[in-house]
There are 2 protein chains.
Amino acid sequence: MILIDYQDRRPIYEQIVDRFQVLIVKGILKADSQLPSVRKLAMELSINPNTIQKAYTLLEQQGFIYPIKGRGNFVAQDIEGLSEQNAKFYEDLKDMVKYAMDRGISKDDFMEHAATYYGEERA
Amino acid sequence: MILIDYQDRRPIYEQIVDRFQVLIVKGILKADSQLPSVRKLAMELSINPNTIQKAYTLLEQQGFIYPIKGRGNFVAQDIEGLSEQNAKFYEDLKDMVKYAMDRGISKDDFMEHAATYYGEERA
DNA sequence: TTAAGTGTATTAGTACGAATAGTACAGTAT
DNA sequence: ATACTGTACTATTCGTACTAATACACTTAA
């Protein structure tokens with residue numbers, strides 16, 4: 001369910017957070033379904049449990065999952081973290097536009113590329 | 001000409017690279033005009049000369065400037081680095097679109113925001 | 001030729017974050 | 001009771017980013 005890409009420069013815990021975010025948002029992981037336990041997933045990925053723990057803690061802070069002590073971590077019903085997540089995303093997008101403008105990349109070029117990328121990966 | 005923002009999380013040399021890139025692309029620094037010397041700018045900003053040096057080395061590798069030993073650094077005539085720069089930019093944009101798609105941000109939302117940001121900062 | 005200015009190269013030091021390891025504690029289920 | 005689960009804390013290792021210090025090489029101008 002989860003794969004680690006050691007070519008990816010991002011830290012492991014961040015990759016794990018990202019993967020679960022996508023699985024949850026896409027509905028592949030249904031609400032209230034259980035995530036693999038910290039120790040089990042750590043074993044499966046051959047990494048330290050603390051790394052998984054860190055990822056789960058972040059996911060909890062973002063509202064994607066909720067923990068029950070002694071039982072496990074579960075997918076949240078309403079993802080309250082999404083709006084905040086999106087807000088940050090739009091901040092990044094704003095920075096990106098600023099960068100483009102500074103480099104003389106026209107609005108049309110920007111839009112055209114974005115549209116293409118959106119189209120490319122449509123199943 | 002150059003300011004360091006210590007609130008900015010980016011390293012100093014990166015800020016300097018960015019500033020000069022913009023100054024050069026916008027034509028504020030004309031071709032073959034001289035940049036401040038490594039030591040002078042370092043003195044002016046109260047930082048180590050090596051930090052400036054690192055920035056200048058990057059700018060040279062990207063084709064924005066060219067150095068003459070013993071004389072100084074100068075703005076390149078044709079900025080060959082720009083196409084490569086833009087290629088990287090579009091890669092980042094592609095990643096951003098992928099991220100948005102994964103989180104269920106629609107093409108329209110994405111486009112609308114980008115367009116707004118482009119409009120906002122128009123002088 | 002000498003002094004002052006320039007870029008260049010190398011090495012070292014510092015700081016920070018990521019990741020691991022180990023241990024201990026607390027709750028749940030069977 | 002036992003074996004799972006999450007949680008907390010500390011320490012340590014490791015790699016990298018960043019900055020600093022110093023020495024060397026070249027150019028210019030007096």
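What you see is a predicted model; the values in this text were computed from it and never measured. Order of the sequence lines sets the chain letters (A, B, ...), proteins ahead of strands, with each chain counted from 1.
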Checklist line | Distance-only donor-acceptor test (3.5 Å): side chain A:Arg71, base C:dG27 | finding: no

Item checked: Salt bridge present between B:Asp102 and B:Lys98 (N-O < 4.0 angstrom) -> yes

Item checked: Spacing between A:Gln53 atom CD and C:dA18 atom P, to the nearest angstrom -> 16 Å

Item checked: Under-3.5 Å donor-acceptor pair between B:Arg39 side chain and C:dG5 base -> no

Notebook entry, point to check: Do any side-chain nitrogens or oxygens of B:Tyr13 fall under 4.0 Å of OP1 or OP2 in D:dC18?
Noted result: yes

Checklist line | Phosphate OP1/OP2 of D:dT5: any A:Ser37 side-chain N/O under 4.0 Å | finding: yes

Next item on the list: To the nearest Å, give me how far apart CD1 (B:Ile12) and C1' (C:dT14) are.
Entry: 14 Å

Checklist line | Donor-acceptor pair under 3.5 Å, A:Asn50 side chain vs C:dA19 base | finding: no

Next item on the list: Whole angstrom is fine here: how far is it from CD in A:Gln34 over to C1' in D:dT5?
Entry: 8 Å

Note to self: What is the separation between atom NZ on A:Lys54 and atom C1' on D:dG6, rounded to the nearest whole Å?
What the structure shows: 18 Å

Notebook entry, point to check: Closer to the 5' end of DNA chain C via nearest nucleotide, is it A:Ile68 or B:Tyr56?
Noted result: B:Tyr56

Next item on the list: Please check if the side chain of B:Gln15 supplies one atom and the backbone of B:Asp5 the other of a donor-acceptor pair under 3.5 Å.
Entry: yes

Next item on the list: Give a yes/no answer on whether the side chain of A:Asn73 brings an N or O atom under 4.0 Å of OP1 or OP2 in D:dT5.
Entry: no

Checklist line | Aromatic plane relationship, A:Phe89 with B:Phe110 - under 30° parallel, 30 to 60° tilted, over 60° perpendicular | finding: tilted

Check: What's the CZ-P distance between A:Arg10 and C:dG17, to the nearest Å?
Finding: 19 Å

Margin query: From NZ of B:Lys69 over to C1' of D:dC26, roughly how many Å is that when rounded to an integer?
Written below: 6 Å

Item checked: Atom-pair distance (CG on B:Asn48; C1' on C:dA12), nearest Å -> 12 Å

Notebook entry, point to check: Taking C-beta and beyond as the side chain, do A:Asp8 and A:Glu14 meet within less than 4.5 Å on heavy atoms?
Noted result: no

Notebook entry, point to check: Between atom CG in B:Leu35 and atom P in C:dG7, what is the gap in whole Å?
Noted result: 9 Å

Check: Is the closest basic N to carboxylate O distance between A:Asp18 and B:Arg103 below 4.0 Å?
Finding: yes

